[in-house]
Amino acid sequence: MKTRGYAALRAKEDLVPFEFDRREMRDTDVVIDIAYAGICHSDIHQAREEWGEALFPMVPGHEIVGTVLDVGSEVKRFKKGDRVGVGVFIDSCRTCSNCKKGLQQYCYEGMTGTYNGYERDKKTIAQGGYCNRFVIDQDYAISIPSSLDIKGIAPLLCAGITLYSPIRHWKVGASSRVAVMGLGGLGHMGVKFAAALGADVTVLSHSARKRGDALAMGARSFVDTSVEGWNKELKKKFDLVLNTVSAEVDLDPYLQLLNTDGTLVVIGLPGKPYAVNAGTLLDGRRSIAGSMIGGIPEIEEMMKFCAEHNIVSDVEVINADYINMAYERTVASDVKYRFVIDASTF
Ligand code: NAP
Ligand code: ZN
Ligand code: ZN
């Protein structure tokens with residue numbers, strides 16, 4: 001199937017217009033006419049080979065929304081015209097215990113990523129969502145509530161679920177004190193979800209200009225981490241610290257914020273290891289944990305939560321020819337709060 005998009009042809013080069021063939025529809029596939037695709041910082045890490053060797057040409061994009069254009073003969077879950085989304089994986093083994101539990105992101109064989117990897121046939125390079133068409137097995141496509149603005153939904157497929165999952169796993173509620181490190185694509189979704197659950201949310205940001213937006217999103221406090229001694233008054237004040245920062249930071253001043261038995265969840269993936277101060281960790285039985293996106297049932301649960309609480313991402317819609325500039329601005333933390341590409345411009 002002829003598809004038009006944008007690709008990185010080599011690491012660290014600008015993305016350029018790119019035409020390619022997708023597989024033809026199988027009996028269990030849905031074909032998607034893409035409407036919007038979000039730009040995740042992970043797209044930038046991979047297109048620039050910041051996580052190690054990558055596969056080129058690479059059409060990035062794993063925050064995809066659109067409309068079902070066609071369905072295979074065995075498709076039961078979707079019909080033509082339905083709103084549909086695709087996230088960070090397009091398949092998995094389906095038989096391991098994690099897949100059976102709906103934790104496809106932790107499949108023991110490894111999830112089949114939306115791009116920068118091979119499809120299950122181990123031959124076809126999977127290409128992502130910066131384009132006009134997508135083909136995916138119905139079991140890995142997400143149904144999208146009709147009440148929400150479609151532009152703001154695209155980022156829910158990665159940024160949204162990546163914060164929703166740990167917020168649920170660590171049982172955030174009205175009595176929780178939560179700190180969110182970094183107010184970017186992921187961080188701003190974390191603020192919205194934790195605030196909707198009634199938590200007392202603090203944003204820890206190195207961009208003072210984001211204060212007003214953080215409070216408008218539901219944070220009760222905003223702390224500028226570029227100010228000397230910023231963490232002094234905050235030590236032992238939080239149950240959960242969600243680290244969404246895309247760059248290497250010294251975790252120690254953030255670990256010090258955790259109250260007894262508190263957890264710092266590593267979500268940002270800068271590509272280099274973090275150093276941990278053992279003294280800070282063992283004082284108060286603190287934990288460091290990780291969390292990666294979420295499985296299909298949890299994405300569906302999040303979509304319902306978003307519909308009930310009227311939550312979408314704050315987006316800046318761009319044309320395809322602005323992708324490279326959007327990458328530069330994202331890396332400079334100049335994003336409000338997710339770039340979303342209008343797929344009609346491919
Ligand atoms: P983003 O929109 O660029 O946001 C990252 C934020 O981190 C920035 O807006 C900035 O917030 C802060 N930051 C950036 N550089 C910094 C620095 N040098 N010092 C301190 N703070 C800095 O990125 P994103 O799309 O939200 O992704 C964030 C990270 O999560 C990326 O590494 C991405 O690969 C990773 N990720 C992980 C998962 C997962 O499953 N765990 C899923 C998706 C993405 P302030 O301006 O507020 O300081
Ligand atoms: Zn992502
Ligand atoms: Zn599996």
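This one's a predicted model, so the numbers in the text were calculated from it and none came from an experiment. Keep in mind that the numbers below use all heavy atoms, side chains included, and drop hydrogens, waters and symmetry copies. Start at 1 and go down the list; that is how both ligands and their atoms are numbered. In what follows, residues are counted from 1 in the order of the sequence shown.
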| query | Given M181, Q105, R338, K210, which has its nearest heavy atom closest to atom 25 (O) of ligand 1? | reply | R338
| note | The protein heavy atom nearest to atom 46 (O) of ligand 1 is S207 OG, 2.4 Å
| Is there a nitrogen or oxygen of L269 sitting under 3.5 Å from a nitrogen or oxygen of ligand 1? | yes
| field | atom 32 (O) of ligand 1: the protein heavy-atom neighbour that sits closest, reported with distance to 0.1 Å | value | H45 NE2, 2.8 Å
| request: Pull out every atom of ligand 1 sitting under 4.0 Å from any heavy atom of G182, numbered as shown with elements. | output: 11 (O), 47 (O)
| task | Check the angle between the aromatic planes of W230 and Y254 and answer parallel, tilted or perpendicular using the 30° and 60° thresholds. | result | tilted
| task | May I ask you to decide whether R94 forms a salt bridge with D137, counting only side-chain N to carboxylate O separations under 4.0 Å? | result | yes
| Whether T330 side chain and A326 backbone form a donor-acceptor pair below 3.5 Å | yes
| Which word best sums up how the rings of F339 and Y322 line up, parallel for under 30°, tilted for 30 to 60°, or perpendicular for over 60°? | tilted
| query | Between K151 and D149, is there a salt bridge with N-O shorter than 4.0 Å? | reply | yes
| task | Number the atoms of ligand 1 from 1 as they appear, then name those within less than 4.0 Å of a heavy atom of A247, with their elements. | result | 15 (N), 16 (C), 17 (C), 18 (N)
| Metal site angle (apex the Zn ion (ligand 2)), SG from C158 and NE2 from H62, 10 degrees | 110°
| query | Which atoms of ligand 1 are found less than 4.0 Å from any heavy atom of T244? | reply | 5 (C), 28 (C), 29 (C)
| query | Under a 4.5 Å cut-off applied to non-hydrogen side-chain atoms, are T3 and V59 in contact? | reply | no
| query | Can you tell me if R120 uses its side chain to pair, donor with acceptor, with the backbone of T112 under 3.5 Å? | reply | no
| field | atom 33 (C) of ligand 1: the protein heavy-atom neighbour that sits closest, reported with distance to 0.1 Å | value | S42 OG, 3.4 Å
| Heavy atom of the protein closest to atom 4 (O) of ligand 1 (residue, atom name, distance) | G184 CA, 3.3 Å
| Y6 and C131, any side-chain heavy atoms less than 4.5 Å apart | no
| Subset of ligand 1 atoms that lie under 4.0 Å from at least one heavy atom of I293 | 39 (C), 40 (O)
| said: Under 4.0 Å from a heavy atom of T330: which atoms of ligand 1 are those, numbered in the order shown and with their elements? | reply: 3 (O)
| query | Taking both backbone and side-chain atoms of Y337, is any N or O found less than 3.5 Å from an N or O belonging to ligand 1? | reply | no
| task | Name the closest protein heavy atom to atom 10 (C) of ligand 1, giving the residue it belongs to and the distance to 0.1 Å. | result | S333 OG, 3.3 Å
| request: Identify which of A332, G271, A208, G268 has a heavy atom lying nearest to atom 30 (O) of ligand 1. | output: G268
| field | Nearest-option assignment for atom 27 (O) of ligand 1, heavy atoms, candidates H206, H41, R211 | value | H41
| said: Check R77 with D82, please: is the shortest side-chain N to carboxylate O separation under 4.0 Å? | reply: no
| said: Tell me if a side-chain donor or acceptor on D342 pairs with a main-chain N or O of N319 at a distance below 3.5 Å. | reply: no
| field | Any S291 heavy atom less than 4.0 Å from ligand 1 | value | yes
| query | Any sub-3.5 Å donor-acceptor pair from E50's side-chain atoms to G271's backbone N or O? | reply | no
| said: Need one value: angle at the Zn ion (ligand 3), C93 atom SG versus C107 atom SG, rounded to 10 degrees. | reply: 100°
| task | Evaluate the ring planes of F18 and F20, with Trp represented by its six-membered ring, and classify them as parallel (under 30°), tilted (30 to 60°) or perpendicular (over 60°). | result | parallel
| Could an N or O of ligand 1 be found under 3.5 Å from any N or O of L186, whether backbone or side chain? | yes
| request: Report yes if some heavy atom in the side chain of Y327 is under 4.5 Å from a heavy atom in the side chain of D43; otherwise report no. | output: yes
| said: Between D70 and R133 (salt bridge meaning N to carboxylate O under 4.0 Å), is one present in this structure? | reply: no
| query | For ligand 1, is there an atom lying under 4.0 Å from some heavy atom of W51? | reply | yes
| said: At less than 2.8 Å, would any N/O/S atom of H41, backbone or side chain, sit next to the Zn ion (ligand 2)? | reply: no
| task | Distance to 0.1 Å, residue and atom name: give those for the protein heavy atom nearest to atom 11 (O) of ligand 1. | result | L183 N, 3.3 Å
| Residue C158 vicinity, atoms of ligand 1 by number, heavy atom under 4.0 Å | 42 (C), 43 (C)
| request: Could you check atom 5 (C) of ligand 1 against the protein and tell me its nearest heavy-atom contact, residue, atom and distance included? | output: S246 OG, 3.6 Å
| message | Students should be able to answer this: which protein heavy-atom is nearest to atom 2 (O) of ligand 1, and at what distance? | response | G185 N, 2.8 Å
| Check: N132 side chain, R4 main-chain N or O, donor-acceptor pair, under 3.5 Å | yes
| request: Output yes when D239 and R177 qualify as a salt bridge under the 4.0 Å nitrogen-oxygen rule, no when they do not. | output: no
| said: Counting only nitrogen or oxygen atoms and a 3.5 angstrom limit, does P270 reach ligand 1? | reply: no
| C99 SG and C96 SG subtending at the Zn ion (ligand 3) (10° steps) | 110°
